Amino acid sequence: MTTMQSDHNPLFNAAKSSFSRPSWAFTLLLFAAAATLTLHVTTRAISPLPDIGAAAAPETCSALFRAPPPRRLVKSIADFGGVGDGATSNTAAFRRAVEFLEKSGGGGGGAQLNVPRGRWVTGSFNLTSDFTLFLEDGAVILGSQDPEEWPIIEALPSYGRGREREGGRHISLIHGNSLTNVVITGNNGTIDGQGKMWWDLWWNRTLKNTRGHLVELVNSHNILISNLTFRNSPFWTIHPVYCSNVVIKDMTILAPLNAPNTDGIDPDSSTNVCIEDCYIESGDDLVAVKSGWDQYGIATAKPSVNITVRRVSGTTPTCSGIGIGSEMSGGISNVLVEDLYIRDSAAGVRIKTDKGRGGYITNITIQNVVMERVKVPLRFSRGADDHPDEKWDPNALPLVRGIRISNVVSKDSRKPPLLVGIEGAPFQDICMRNVSLLGISPSQRWSCEFVSGFSDGVTPMPCLELQRNGSSSWC
């Protein structure tokens with residue numbers, strides 16, 4: 001994976017009121033301001049900023065998605081009886097449309113379903129391969145308020161049951177399984193899950209089955225999700241699981257900040273995932289990398305590998321900007337997170353695991369991070385006490401090693417980092433360089449246990465566990 005050499009400072013707030021989706025030019029401006037402040041908080045030499053000229057272009061991993069030729073067959077949902085009046089159910093119309101386009105196949109060139117301006121109420125529907133779902137300007141897909149239109153499907157093998165309730169789970173609003181060459185995009189149209197109905201069931205403890213995602217793709221390859229606004233997912237918003245070559249870019253993802261478990265993007269047991277240029281407001285993690293739950297994830301053994309998260313910004317008052325885990329039993333490795341901006345959140349960067357998880361978290365690089373008013377900027381935690389059933393193995397300990405964090409500025413930090421590993425399975429080779437946590441009182445000390453590593457240019461002074469390693473050649 002390639003990296004960018006830039007330093008950050010949280011001077012983002014003045015523009016946030018008019019900010020809905022991150023722009024590269026604005027982000028560069030932010031990074032330049034960051035470097036200025038960092039010079040005041042560390043005596044270390046700072047790498048120069050890249051030349052911001054015509055040749056400067058944002059790094060991208062979007063080439064993971066191999067764009068298909070233009071779809072030969074293009075239809076509108078209105079061609080299948082769809083009515084965009086915000087009241088009529090279009091579930092049957094969407095299902096008919098996908099079935100027709102799947103059979104027709106565009107003469108081998110694939111097919112596209114256009115959703116015109118309007119408000120199109122629908123229950124869950126499945127996509128097909130070699131297919132584009134395109135939302136035109138002003139198009140809004142609304143999730144049905146009838147739970148029967150979100151059917152129950154089997155639990156994922158790597159979870160063994162629904163994530164919230166035993167047994168099966170509600171299907172996602174837009175779903176796909178064993179697909180290739182799928183695009184979900186448009187001219188900034190909107191997909192709104194109308195999730196309050198589901199949040200109320202969760203709050204009232206009357207939820208019978210695990211809530212559905214807004215978009216879930218399973219066992220699929222070569223996927224692009226871009227240039228749309230996703231709102232009010234019942235549960236996790238975008239969930240690629242057992243997938244490969246997935247690109248999610250130029251997305252705005254919004255949910256009320258108290259909406260339960262409305263993660264933004266959760267790559268899960270997937271390989272080669274690119275998440276770029278997204279703005280997320282959520283009641284849970286903005287981005288969470290996962291790979292299965294306890295013994296079921298261990299047995300399924302599908303890791304998340306080669307995950308890039310770049311130029312993502314947003315807020316979550318209850319969770320973290322970037323989370324690794326807590327479901328990570330299939331393993332997570334080779335993750336690059338850079339150019340991240342997090343404000344008004346419970347945590348900035350969080351690694352979550354526990355006894356019984358097994359698996360591993362290795363080779364994680366997190367760099368160029370700006371935080372404002374984040375309660376705990378860096379948090380590695382155990383003790384979720386969160387298991388699918390009584391069959392979990394307390395001797396299945398996770399391996400956590402090779403966590404590199406650099407070029408971080410946190411303004412108005414509330415609490416010092418909390419780095420807590422597991423007895424018998426300490427978190428090792430934690431490298432921190434050029435980390436400035438502003439606002440923490442000198443009397444507040446880092447909380448560290450069962451961790452080891454190296455630090456350089458970190459203020460305030462980190463715990464002894466990050467100062468004891470005599471050699472930094474690995475860092």
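Atom set for the values below is all heavy atoms of this structure, side chains included, hydrogens, waters and symmetry mates excluded. Keep in mind that this is a model prediction, so the values were computed, not measured.
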### Query
Does some side-chain heavy atom of Asn407 sit less than 4.5 Å from a side-chain heavy atom of Asn368?
yes
### Task
Using atom types as modelled and distance alone, determine if a side-chain donor or acceptor of Asn90 lies under 3.5 Å from a backbone N or O of Ala93.
no
#### Entry: Donor-acceptor contact below 3.5 Å, side chain Asp79 vs main chain Lys75
no
### Those residues that, when tested against Ala78, pass side-chain contact (heavy atoms from CB on, under 4.5 Å) (two or more places apart)
Ser76
### Query
What's the spacing between Glu276 CD and Arg310 CZ if we round to 0.5 Å?
5.0 Å
#### Entry: Sidechain N-carboxylate O distance under 4.0 Å for Arg311, Asp277
yes
### Task
Could you verify whether a donor N or O on one side chain and an acceptor N or O on the other, from His221 and Ser244, lie under 3.5 Å apart?
yes
### Message
Just to verify, what does Phe80 make a ring pair (Phe, Tyr, Trp, His ring centres under 6.0 Å) with, not counting sequence neighbours?
### Response
Phe100
### Message
Show, in sequence, the C-alpha distance, side-chain angles and deciding distance for Asp412 and Lys375, and conclude whether the salt bridge (charged side-chain N to carboxylate O under 4.0 Å, His left out) test is met.
### Response
CA-CA 8 Å; Asp412 295 330; Lys375 185 176 181 181; over 6 Å; no
#### Entry: Lys/Arg-Asp/Glu bridge criterion (N-O < 4.0 Å) met for Arg343, Glu281
yes
### Task
Considering only NZ, NE, NH1 and NH2 on the basic side and carboxylate oxygens on the acidic side, decide whether Arg357 and Asp294 come within less than 4.0 Å.
yes
#### Entry: Residue list, side-chain contact (heavy atoms from CB on, under 4.5 Å) with Ala139, at least two apart or on another chain
Val115, Leu135
### Message
Please list all pairs meeting ring pair (Phe, Tyr, Trp, His ring centres under 6.0 Å) that have one or both residues in residues 360-382, counting only residues at least two apart or in different chains.
### Response
none
### Message
Taking Phe134's backbone N and O only, do any of them form a donor-acceptor pair with Thr132's side chain (distance below 3.5 Å, no angle check)?
### Response
no
### Query
Got a second to check how far Leu173's CG is from Gln194's CD, nearest 0.5 Å?
9.5 Å
### Message
With no hydrogens and no angle check, just 3.5 Å: does a side-chain donor-acceptor pair link Asn306 and Asn272?
### Response
yes
### Query
About how many Å separate CG of Asn187 and CD of Glu136, when rounded to the nearest 0.5 Å?
7.5 Å
### Summary
Residue pairs meeting side chain to side chain donor-acceptor pair (under 3.5 Å), one or both in residues 116-125, sequence neighbours left out, come to Arg117-Asp137
### Query
When you measure from the side chain of Asn114 to the backbone N and O of Pro116, does any donor-acceptor pair fall under 3.5 Å?
no
#### Entry: Minimum heavy-atom distance between Thr185 and Ser226, given as atom pair plus value
OG1-OG, 2.9 Å
### Any donor-acceptor pair under 3.5 Å from Thr262 side chain to Gly283 backbone
yes
### Task
Output yes when a side-chain donor or acceptor of Ser220 lies under 3.5 Å from a complementary backbone atom of Val218, and no otherwise.
yes
### Query
Any ion pair linking Glu423 and Lys355 (charged N to carboxylate O, less than 4.0 Å)?
no
### Message
Would the distance check show the side chain of Ser406 and the main-chain N or O of Gln367 forming a donor-acceptor pair, the cut-off being under 3.5 Å?
### Response
no
### Query
Regarding Thr300 and Tyr242, is there a side-chain donor-to-acceptor distance under 3.5 Å anywhere?
no
#### Entry: Nearest-0.5 Å distance, CD1 of residue Ile351 to CD1 of residue Ile324
6.0 Å
### Task
Measure the shortest side-chain to side-chain distance between Asn334 and Ile307 over non-hydrogen atoms and say whether it is less than 4.5 angstrom.
no
### Message
For Val215, is there any backbone N or O sitting under 3.5 Å from a side-chain donor or acceptor partner on Ser172?
### Response
no
### Message
Please check: side-chain N/O of Arg165 versus main-chain N/O of Leu207, any donor-acceptor pairing under 3.5 Å?
### Response
yes
### Task
Decide yes or no for Ile248 and Met251: does some side-chain heavy atom of the first lie under 4.5 Å from some side-chain heavy atom of the second?
yes
### Message
Any non-hydrogen side-chain atom of Ile275 less than 4.5 Å from a side-chain atom of Thr308?
### Response
no
### Query
What residues, two or more places apart in sequence or in another chain, satisfy disulfide bond (SG atoms under 2.5 Å apart) together with Cys319?
none
### Query
Is NZ or CZ of Lys415 both nearer than 6.0 Å to the six-membered ring centre of Trp446 and within 45° of the ring axis?
no
### Message
Under the rule for side-chain contact (heavy atoms from CB on, under 4.5 Å), what residues qualify as partners of Val374, not counting sequence neighbours?
### Response
Ile342, Ser345, Met371
### Task
With sequence neighbours excluded, tell me which residues meet salt bridge (Lys or Arg N to Asp or Glu O under 4.0 Å) with Arg382.
Glu449
### Query
Taking all atoms of both residues into account, what is the closest heavy-atom pair of Phe65 and Val183, and its distance?
CZ-CG2, 3.6 Å
### Task
Could you grab the distance from atom CD of Glu216 to atom CG of Asn126, nearest 0.5 Å is fine?
10.5 Å
### Query
Under a 4.5 Å cut-off applied to non-hydrogen side-chain atoms, are Glu465 and Pro426 in contact?
no
#### Entry: Whether Ser291 side chain and Met328 backbone form a donor-acceptor pair below 3.5 Å
yes
### Message
Is it true that Asn188 and Thr229 share a donor-acceptor pair across their side chains at a distance under 3.5 Å?
### Response
yes
### Message
Under 4.0 Å between a side-chain nitrogen and a carboxylate oxygen: does that hold for Arg169 and Glu164?
### Response
no
### Query
Arg373 versus Arg414: any side-chain heavy-atom pair under 4.5 Å?
yes
### Asn363 versus Arg401, side-chain donor and acceptor atoms under 3.5 Å
no
#### Entry: Candidate pair Asn261 and Arg211, rule side chain to side chain donor-acceptor pair (under 3.5 Å), full reasoning
CA-CA 10 Å; Asn261 310 109; Arg211 294 168 280 164; 2.7 Å; yes
### Query
Side chains of Thr353 and Ile422: does their closest heavy-atom pair fall under 4.5 Å?
yes
## Note on the structure
In short, Leu419 meets Val451 closest at the heavy-atom pair O-CG1, 3.7 Å
### Task
State which residues pass ring pair (Phe, Tyr, Trp, His ring centres under 6.0 Å) with Trp202; sequence neighbours excluded, sorted by chain then number.
none
## Note on the structure
So ring pair (Phe, Tyr, Trp, His ring centres under 6.0 Å) across residues 164-193, not counting sequence neighbours, yields His170-Trp198
### Message
Which heavy atom of Ser270 sits nearest to which heavy atom of Pro240, and what is that distance?
### Response
OG-O, 3.2 Å
### Sole residue of Thr252, Asp192, Ile225, Thr190 in side-chain contact (heavy atoms from CB on, under 4.5 Å) with Phe230
Ile225
### Results of side-chain contact (heavy atoms from CB on, under 4.5 Å) for Asp385 - residues two or more places apart only
His387
### Message
Less than 3.5 Å apart, any donor N or O on the side chain of Asp389 or Gln295 sitting next to an acceptor on the other?
### Response
yes
### Task
Report the residues that fulfil ring pair (Phe, Tyr, Trp, His ring centres under 6.0 Å) with Tyr159, sequence neighbours left out, ordered by chain and then residue number.
none
### Residue pair Val273 / Pro267: nearest heavy atoms and the distance that separates them
CG1-CB, 4.1 Å
### Message
Contact between Val420 and Ser381 at the side-chain level, heavy atoms closer than 4.5 Å - yes or no?
### Response
no
### Message
Please give me the minimum heavy-atom distance between Val287 and Asp266, naming the atom from each residue.
### Response
C-OD1, 4.5 Å
